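Only a predicted model underlies this, so the values are computations on that prediction, with no experimental measurement involved. Positions are given from 1 along the sequence.
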Amino acid sequence: FETPEIPTKFYMGQSDKNDPIAGEIQHPREKHISVDIFRDTPLRYLGYANEVGEAFRALVHVNVVRLTYVAASSYVLADATSKANDASQLRWKTDAIKKRRMKHAFFDALIWQGLASVAIPGFTINRLCALSNYALQRSSRLPQGVRKWIVTAIGLCAIPIIIQPIDRSVDYMMNQTLRPWYLEIPGDEELIHHHRDD
């Protein structure tokens, strides 16, 4: 899916050619199509590791769940670093501007992925599994082992359902709060590209 459009009124700068901010990027920009290994390859599934860990929480040791959070967090950090490197490939007017834009790209990806890939979905699957287990305990006489597998199945099935709503919600929240402060001119959207081919 496409990243929701950032309201034009929120840009801190102007697109006028006389505006000093608007001159930060030298045109034409060089665009090249390449494969994003963190979004366009199976490596992207590492971002879902903690959701899978939460789904299996009832069946595995808690340290296994913690390890999935380490894997997902490592993926987030690597992706944010990759996005900063992508920003460095654009033709900025000065090195100081390039460094600032690299920081913006890094922290945007770090916050977005941290919320959309780790914190919110992890909490969602955790609570869904806990509520499912509670409901099964109260409404059935299933053996504990069977109940745990049912809860795990519910958690796993919920993962593909919650991904896009959470991604869109985090994009909307950031567009309305954080991004207006560092996306200074129209065109700075090239610093962010949060889409998953799922």
Point to revise | Basic-acidic side-chain contact under 4.0 Å: Asp108, Lys83 | key: no
Revision key, fill the gap. In this structure, CZ of Phe106 is separated from CE of Met102 (nearest 0.5 Å) by 10.0 Å
Revision key, fill the gap. Residues Ala109 and Ala80: closest non-hydrogen pair is CB-CA, 3.7 Å
Exercise for review: Share the residues that join Val151 in a hydrophobic cluster, the rule being Ile, Leu, Val, Met, Phe, Trp or Tyr side chains under 4.5 Å apart at the heavy-atom level.
Suggested key: Leu128, Leu136, Leu142, Val146, Ile150, Ile154
Practice item. Would you kindly confirm whether Leu59 and Leu156 end up in one hydrophobic cluster when ILVMFWY residues are joined by side chain heavy atoms under 4.5 Å apart? Key: yes
Check your understanding: Given side chains that start at C-beta, do those of Met173 and Leu115 come closer than 4.5 Å, heavy atoms only?
Key -> yes
What donor-acceptor contacts under 3.5 angstrom involve side-chain atoms of residues 60-68, with partners at least two apart or in another chain?
unit_1, atom_1, unit_2, atom_2, d
His61, ND1, Asn63, N, 3.0
Asn63, OD1, Arg66, NH1, 3.0
Thr68, OG1, Val65, O, 2.5

Review point. Under 3.5 Å, is there a donor-acceptor pair linking the side chains of Tyr134 and Arg138?
Key: yes
Point to revise | Glu54 and Phe123, any side-chain heavy atoms less than 4.5 Å apart | key: no
Review point. Does anything in residues 142-158 pair up under side chain to side chain donor-acceptor pair (under 3.5 Å), and if so which pairs, sequence neighbours excluded?
Key: Asn133-Arg147
Practice item. Flag yes if more than 12 heavy atoms outside Phe107 fall under 6.0 Å of its CZ atom; otherwise flag no. Key: no
Review point. Are any non-hydrogen side-chain atoms of Arg100 and Thr94 less than 4.5 angstrom apart?
Key: no
Revision key, fill the gap. Interatomic distance, CD1@Ile166 vs OG@Ser117, rounded to 0.5 Å, equals 9.5 Å
